[in-house]
Amino acid sequence: MKTVPVDQAVGMVLPHDITVIIKDVKKGTAFRKGHIIEASDVEPLKKLGKDNIYVLSLTENEIHENEAAILLAEGLAGSGVVYSKEAEEGKIALIAEHDGLLKVNKRALLDFNMLGEVMCSTLHNNTPVKKGEVVAGTRLIPLIAERRLIESAVSLTRVPGSIISVTQLSKKKIGLVITGSEVFYGRIEDRFEEVLRAKADDYGSIIHQVHKAPDDKNLIAKKIIECIDAGCDLIITSGGMSVDPDDVTREAIIEAGATTSVYGTPVLPGAMFLSGTIGDVSVLGLPACGMFHKITVFDLVFPRILIGESIGRKELAELGHGGLCRNCKVCQYPICNFGK
């Protein structure tokens, strides 16, 4: 690779995209790879800091950044991820093919980025994403590299399940059991149902059954069982998860047949959350904070349940790092650090 002064480069072909950056105004491609330099381009190129132009002569053992980016994207992209077949400024964006939950193999991604001259940046693992959303980007960092480097990088992407994928959410039939004598006897108006209906709608699931029960573990357990008998494949209970003597929902879930249940999380809001199973039906016990706070531990766990994951003590414990909500005046979740 050698250089030629831009004044002497008229008629030559640009070997790479040239970027223009104007603070607070734009960042984009000023000249694309393959552009034939004209006399009128000389001054604009100089204003972009290009006093010299590369002249490329690649050997069979070398690879250009654009070709490398395509090979890297092909290796990184798993199920539910698509990408452009043409690099822009040497980069390729990986895009969600459908709505779902982003899954990133963090260990494999680290190994990939440890190679040094290739890179891939992603959104956080377990981020809910929409169709068409950019979930990752990759490129070769230098303009030219040895082909064996790209071959090594691609080999690292061949892990079970791929490095980057977007898993579609299943549509659950939810049984909602609203607990609390104050609601059951009409002393106060229930607000949990509207909150949970909205969350279910956001993720494509439906509230199939709604029951109210007083602070009686046997009656709560009975309503949970009725939901399961009615075909619900996810049970959500609301309230009754605290430490007061009237808070018996946790006991009721066990009474209803929960063989596994994990109570308590290192997440705020949501420390008194419960995750369990009754047979093959998931049960989520949501504390009262779920009615007051827009986003809680429930929002971190719910989409993972919808892709068939089992949420136990380890999965909940891992949420401690990043599990403190900032309670921003305007909630931006999931475009924030909560649960990351």
Side-chain angles (χ1 to χ4, degrees), residues 1-78 81-95 104-105 108-123 134-159 162-164:
M1 186 164 60
K2 62 181 181 179
T3 61
V4 173
V6 69
D7 308 85
Q8 302 172 27
V10 174
M12 291 178 53
V13 177
L14 279 176
H16 58 87
D17 292 349
I18 293 180
T19 303
V20 57
I21 301 175
I22 303 174
K23 186 178 184 299
D24 301 327
V25 177
K26 70 180 286 189
K27 177 184 181 296
T29 304
F31 296 92
R32 292 195 67 83
K33 176 191 174 187
H35 174 74
I36 299 174
I37 300 172
E38 301 176 359
S40 60
D41 297 330
V42 172
E43 284 306 313
L45 284 167
K46 285 185 174 182
K47 288 181 179 180
L48 293 171
K50 307 303 175 186
D51 288 334
N52 296 283
I53 300 298
Y54 280 128
V55 178
L56 296 185
S57 178
L58 302 185
T59 71
E60 62 180 14
N61 296 322
E62 294 174 319
I63 190 168
H64 185 273
E65 61 175 358
N66 287 1
E67 182 186 354
I70 294 169
L71 294 174
L72 296 175
E74 182 180 38
L76 290 162
V81 177
V82 295
Y83 57 93
S84 170
K85 299 301 187 290
E86 183 177 349
E88 183 171 346
E89 299 174 7
K91 301 184 293 289
I92 287 190
L94 283 73
I95 299 165
V104 179
N105 184 325
L109 180 64
L110 174 62
D111 292 341
F112 179 93
N113 284 323
M114 283 295 290
L115 290 173
E117 291 192 339
V118 298
M119 61 77 66
C120 176
S121 60
T122 75
L123 301 182
V134 175
V135 299
T138 187
R139 70 170 300 154
L140 173 67
I141 295 174
L143 178 61
I144 297 168
E146 295 287 329
R147 282 191 176 272
R148 62 187 178 185
L149 169 70
I150 302 306
E151 291 167 359
S152 296
V154 171
S155 71
L156 291 176
T157 69
R158 300 191 182 109
V159 294
S162 72
I163 290 185
I164 304 166

Heavy atoms, side chains only, cut-off 4.5 Å: are [X] and [Y] in contact?
{"X": "F31", "Y": "I37", "result": "no"}
{"X": "L149", "Y": "L140", "result": "yes"}
{"X": "L58", "Y": "I144", "result": "yes"}
{"X": "Y83", "Y": "T138", "result": "no"}

Measure the spacing between [atom1] of [X] and [atom2] of [Y] and express it to the nearest 0.5 Å.
{"X": "L94", "Y": "I163", "atom1": "CG", "atom2": "CD1", "answer": "10.5 Å"}
{"X": "H64", "Y": "I70", "atom1": "NE2", "atom2": "CD1", "answer": "11.0 Å"}
{"X": "N105", "Y": "L110", "atom1": "CG", "atom2": "CG", "answer": "10.0 Å"}
{"X": "L143", "Y": "I63", "atom1": "CG", "atom2": "CD1", "answer": "11.5 Å"}
{"X": "L76", "Y": "I92", "atom1": "CG", "atom2": "CD1", "answer": "10.5 Å"}
{"X": "L71", "Y": "N66", "atom1": "CG", "atom2": "CG", "answer": "11.0 Å"}

Could you name each residue pair satisfying side-chain hydrogen bond (donor to acceptor under 3.5 Å, both in side chains) that touches residues 144-153, not counting sequence neighbours?
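Sorted result for residues 144-153: E67-R147.
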Between [X] and [Y], what is the shortest heavy-atom contact and its length?
{"X": "L123", "Y": "V134", "result": "CD1-O, 3.7 Å"}
{"X": "E89", "Y": "D17", "result": "N-OD2, 2.6 Å"}
{"X": "A9", "Y": "I53", "result": "CB-CG1, 4.1 Å"}
{"X": "E117", "Y": "A145", "result": "OE1-CB, 4.2 Å"}
{"X": "V159", "Y": "A108", "result": "CG1-CB, 4.0 Å"}
{"X": "N52", "Y": "P5", "result": "OD1-CA, 3.5 Å"}

With no hydrogens and no angle check, is any side-chain donor or acceptor of R139 less than 3.5 Å from a backbone partner on A87?
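Answer holds: no.
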Tell me, please, which residues at least two apart from [X] pass side-chain contact (heavy atoms from CB on, under 4.5 Å).
{"X": "V20", "result": "I22, K26, A30, L48"}
{"X": "I36", "result": "V13"}
{"X": "T122", "result": "V104, L109, C120, A136, I164"}

Not counting sequence neighbours, list each pair that qualifies as a salt bridge (Lys or Arg N to Asp or Glu O under 4.0 Å) and has a residue in residues 36-63.
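Qualifying pairs, neighbours excluded: D7-K46.
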Criterion side-chain contact (heavy atoms from CB on, under 4.5 Å) on E65 and K33, from CA distance to verdict
CA-CA 11 Å; E65 61 175 358; K33 176 191 174 187; over 6 Å; no
Those residues that, when tested against E88, pass salt bridge (Lys or Arg N to Asp or Glu O under 4.0 Å) (two or more places apart)
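Testing E88 for salt bridge (Lys or Arg N to Asp or Glu O under 4.0 Å), a comparison that skips the adjacent residues, returns none.
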Step by step, would you call V42 with V10 a side-chain contact (heavy atoms from CB on, under 4.5 Å)?
CA-CA 8 Å; V42 172; V10 174; 4.0 Å; yes
